[in-house]
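Heads up: the structure comes next, in structure tokens.
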Amino acid sequence: MQLALNEKRLLLELNKIGSASPEKLAQVLDRPAESVIQYGGLLSQKGLAVVERNVSSRLILTDEGSHYYSEGLPERQLYESFSESSSIADLNKHPHAKIGLGWMKRLGWVRIEDGSVIKIGSAEKSPIELGLSSPDSATPEVRKELLKRGLAEEEESVLYLISITDEGKKFAASGLTLVEETGTLTSDQISSGAWRDLTLRRYDITKKPRPVWPGKIHPYQRLINEMRRILLDMGFTELYGSVVQGAFWNFDALFQPQDHPAREMQDTFHLKERSELPGGWEKVRDIHEHGGDTSSCGWGGKWDPEKAKATVLRTHTTSLSIQHLATHPNPPEKAFCIGRVYRRETIDPTHLPEFEQLEGIVMDEDVSFRHLLGYLKEFYGRMGFSNVRFRPAYFPYTEPSVEPEVWIDGLGWVELGGAGIFREEVTAPWGITSPVLAWGLGVSRVAMLRMGLSDLRELYQSDIDWVRRTPVMDGGDY
Ligand SMILES: N[C@@H](Cc1ccccc1)C(=O)O
């Protein structure tokens, strides 16, 4: 059996005295009591000692209690404030009249007659008064009363007792040599060769080490990085943009009518700032009012440039896609963006006012609806969702429009976002003539599904233990 030097010292000491408190042993061994408890723990794992832990509670005076201990309890102070008798009215002027009078009566120090308080007997010290001088040795009734009156409180203390076992005695008698052991070698000891003469502390390789938590990327960020990797692998380039967007890009350029409910205060975070309209905005106005040069007849009515100059926290990343297209109108173009979007949602397990979207666009001369479904299937397949289907949907800026869904065992079909081919009303103002496939997918939904969470909020909590416990997904160094 391997014992460290301090364990041996403790064992030999216990062999002399049988058992002792860590505080006492601390003096003999010249080590802190906490360390002695640790050595005792190590000895007890080997069956050589026993560490008993006793929690005891003691009654001690509260600040109020010690104040009354020196000044006298309210009833005593009140009692001392008058001689044989006093009118109740006079007594009521005393600061302790309220509790004092009740207690004087209860203790039989006074009686009340015709509005006067009259002393009886000699008002001997009450059990509570006696209890104040040594609360811990008071009778159970007095203890209860002291606690109830807030004069005393329980103080818990933990006492340890370390004792040697029979096996410990045998081991101690088997001749232990006390040699100073070296735990950490200094560079001097190594270079001078002095280490050869030292007794090195041995490792106990049967003990479990403490877990070491390596630094790692937040699970949600890791999933986002994984999505980014997949899209980069599929040949997309990444787009970035501000979370603050003009209503023009967030809504108008996407052919959302100016009276569309999604633009209202209750759905969108509006900001005070105003934005400039980009060159060519008149074409968007014409599209809204009568369809411009296209075959569309628009929404009709008047399009108000002032409304388009409002700024909002982007409600979808589609606002970045259309901006990118406006400045890159010629095919081919394959771009994506993963970014935070904002909507005025009431917070619940599946809704937050901030969440992430994964947006993608593919523009080329002859891409079609089938390509769109193919891209989405491929993306989800690479994310590990092999069963994907599409349901018809509606968005003001795409035609046709679909909602991709993935099959999750135990949950069924789960909707994961929207997709479609940009309408002519969206592409024409920027001179775009090729079809544009577009999608906006929920990222946090995918994260919930992948991590088995039932509450979206768990993704954003700063719970380091959760982060530690969440396994690194799908390898890779991202
Ligand atoms: N912007 C849509 C998703 C979408 C993007 C692109 C095309 C079609 C739909 C949303 O927020 O839900």
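For ligands, and for the atoms within them, numbers begin at 1 and follow the listed sequence. Hydrogens, waters and symmetry mates are skipped; everything else that's a heavy atom, side chains included, is used. These numbers were taken from a predicted model, which means no experiment stands behind them.
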Q) Between N225 and R222, is any side-chain donor less than 3.5 angstrom from a side-chain acceptor? A)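 No, no side-chain donor-acceptor pair sits under 3.5 Å.
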Q) If we ignore angles and hydrogens, is there a donor and acceptor under 3.5 Å between the side chains of S275 and T311? A)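 On atom types as modelled, these side chains do not qualify, holding no pair under 3.5 Å.
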**Q.** Of all pairs that satisfy side chain to side chain donor-acceptor pair (under 3.5 Å), the ones with a partner from residues 415-435, not counting sequence neighbours
**A.**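 Qualifying pairs: S295-E424, S296-E425, R423-E425.
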Please table the atom pairs, donor to acceptor, closer than 3.5 Å between any side-chain atom in residues 280-291 and protein atoms at least two apart or in another chain.
{"unit_1": "H288", "atom_1": "NE2", "unit_2": "D252", "atom_2": "O", "d": "2.8"}
{"unit_1": "E289", "atom_1": "OE2", "unit_2": "W303", "atom_2": "N", "d": "2.8"}
{"unit_1": "H290", "atom_1": "ND1", "unit_2": "G292", "atom_2": "N", "d": "3.3"}

Q | Listed once per pair and sorted, the ring-ring contact (aromatic ring centres under 6.0 Å, His included) pairs that draw on residues 317-354, sequence neighbours left out | A |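 Passing the test, one end in residues 317-354: H324-H328.
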Q. Using a 4.0 angstrom limit on heavy atoms, which residues are close to ligand 1?
A.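 The 4.0 Å shell around ligand 1 contains H316, T318, R343, Q357, E359, F395, Y397, T398, G418, A419, A438, W439, G440.
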Q.
Which residue in the set F390, F385, W407 passes ring-ring contact (aromatic ring centres under 6.0 Å, His included) when paired with W413?
A.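 That would be W407.
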